[in-house]
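Here's the structure, in structure tokens; my notes come after.
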2 protein chains.
Amino acid sequence: MLIPAAAPKSVDFVSAAVTAITDLIRDRDLKPGDRLPAEATLSKDLHVSRTVVREALRSLAALRLVELGAGKRPTVAELDDDAFALMFQHGVCTDQIDIQQIYDARRTIEARTATLAALRRTEAEARAIIMHAKAMEQDFDVPAKVMEHDLALHLAIARASRNPVFALIIGAFHGVTRQTWPVGWKSRSSDDERHAMNELHLQLAEAIAAGDPKVAAALMDRHFDVSLKALTRAGII
Amino acid sequence: MLIPAAAPKSVDFVSAAVTAITDLIRDRDLKPGDRLPAEATLSKDLHVSRTVVREALRSLAALRLVELGAGKRPTVAELDDDAFALMFQHGVCTDQIDIQQIYDARRTIEARTATLAALRRTEAEARAIIMHAKAMEQDFDVPAKVMEHDLALHLAIARASRNPVFALIIGAFHGVTRQTWPVGWKSRSSDDERHAMNELHLQLAEAIAAGDPKVAAALMDRHFDVSLKALTRAGII
DNA sequence: TCTAATGAACCTGTAATACAGGTTTGACGG
DNA sequence: CCGTCAAACCTGTATTACAGGTTCATTAGA
């Protein structure tokens, strides 16, 4: 049973072209890295100007369905959370989503990624996760570095869950998290509390390395309890 | 503390323009419906041609950050799952995500939306959710209608959870689900099984209406057990 | 005074052309 | 067989043009 990939509401040429190109990817069964026809070719085939084709390709590039590059033919792209991140940030900037809602979604999903990561992580992944946890403590004096290791740790856990959907969503949240993280860090009342947070991350990492899904999920949950409390105290929720 | 909204890797004019426009939305604190400067104005302000501005606006329109329309100035857009759906579909078409992974993510998230919906749904939402469940049984002979009510029910639950992040993600999955749902429906061995599935939806709806989060979550979980089994039997997982 | 019509100004959608670079490819020479 | 190089190909950007949709203030009418 064939299903049209997108709504057929092609009032304007550009969305018609977008549909045509996504259909082309599907019909020819193109995979990431495969090259699409050149703009001029598409222009001729779709009977629209190159202007329209370019705007359509830009749309697809914005969604990271294709990749563009000077001189290079458009290629099918790999999944990437950049586009997702932009959308969530827009939702937050325009008051359509608040930080607490993002955190609740994160907590829901990351309890699961922690569970799955504990069950499925490779040895290399376990080492990487623990490395990030330790680095948080080592770089204690440089909050920006702590943050990046924090985010990288969560993303590494999501990847170790072996479900790209989770990795995508968690990665997407990081755009917003980068804006709130410093607030949470500062809102901790003492360095002791900050060390405790790092310690919690390390325990989480070790539970995943040890292959203990229940403990990993519980620690992840506690992590969000603590973080939410810090953000609440800072008044940004 | 100001945070640059997007990476500053503006090798090409268009991504620079995209960044400039998103910054503009943030800096001016624009909300959905607010109008952006006209293309010509942006073109002058950013010192690039209208071509570049248009491609940038198209990119943002693809992500549903702005809305375009003939003769109308670009406006800031409301959150919408269309763009998300396209990305997930692309992921599935290009073998970067498989159906089981989507279902696992759905199950994780929807256990939570069921819980929250049971706690937070309004009376009107409860009625709407039950209405969709009943409609699934009433339209039993028209699978396409059953599917739409099924999807609408899940989306209504997500909305009743009062977290737009969940609604967005669940809505995004529906693009893919529309392609697999008929397979699951056919794979049921008998109409009895199909009726049982509808009954399960009705029980779920009633648990949410009754404000019972535990039962709602448990029923949602069972729903996914059954659905996954059907899809497995059909061999698409 | 209020409302409805109207037209001008404004704006976007699409097309065509032009050219500066970057990329790919195949031919040629070693 | 391999490396080099130039031609062909392709994209990024700018400019101009015009059809048709939208907005808004002014004007005519009730």
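By convention in this document, chain letters (A, B, ...) are assigned in the order of the sequence lines, proteins followed by strands, and residues within each chain are numbered from 1.
Less than 4.0 Å separates DNA chain D from at least one heavy atom of each of the following residues of residues 40-63 of chain A: A:R50, A:R54, A:R58.
Salt-bridge formation is detected for the pair A:R26/A:D23: a Lys NZ or Arg NE/NH1/NH2 atom is positioned less than 4.0 Å from an Asp or Glu carboxylate oxygen. Ion pairing between a basic and an acidic side chain is recognised when a charged N comes within 4.0 Å of a carboxylate O; B:R178 and B:E148 show such pairing. Between B:R107 and B:D104 no salt bridge is recorded (no basic side-chain N to carboxylate O distance below 4.0 Å). A:R162 and A:E125 are joined by a salt bridge, as a carboxylate oxygen and a charged side-chain nitrogen come within less than 4.0 angstrom of each other.
Between the CD atom of A:E39 and the P atom of C:dT23 there is a distance of 15 Å, given to the nearest Å. Atom-to-atom, NZ of B:K72 to C1' of C:dG13 comes out at 14 Å; the value is rounded to the nearest Å.
Aromatic ring pairs are classed by plane angle as parallel below 30°, tilted from 30° to 60° and perpendicular above 60°; the pair A:Y103 and A:F224 is perpendicular. Aromatic ring pairs are classed by plane angle as parallel below 30°, tilted from 30° to 60° and perpendicular above 60°; the pair B:H174 and B:H154 is perpendicular.
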Discussion item. Walk me through whether A:K31 and A:V76 qualify under side chain to side chain contact (heavy atoms under 4.5 Å, CB included).
Written reply: CA-CA 6 Å; A:K31 303 301 171 198; A:V76 175; 6.0 Å; no
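A:K145 NZ: 12 or fewer foreign heavy atoms inside a 6.0 Å radius.
A nucleotide of DNA chain D counts as in contact with chain B when one of its atoms lies under 4.0 Å from a heavy atom; the first and last such, 5' to 3', are D:dT13 to D:dC24.
For the pair B:R35 and A:R73, nearest-nucleotide mapping onto DNA chain D gives the more 5' position to A:R73. Ranked by how close their nearest DNA chain C nucleotide is to the 5' end, A:A70 and A:V14 are led by A:V14.
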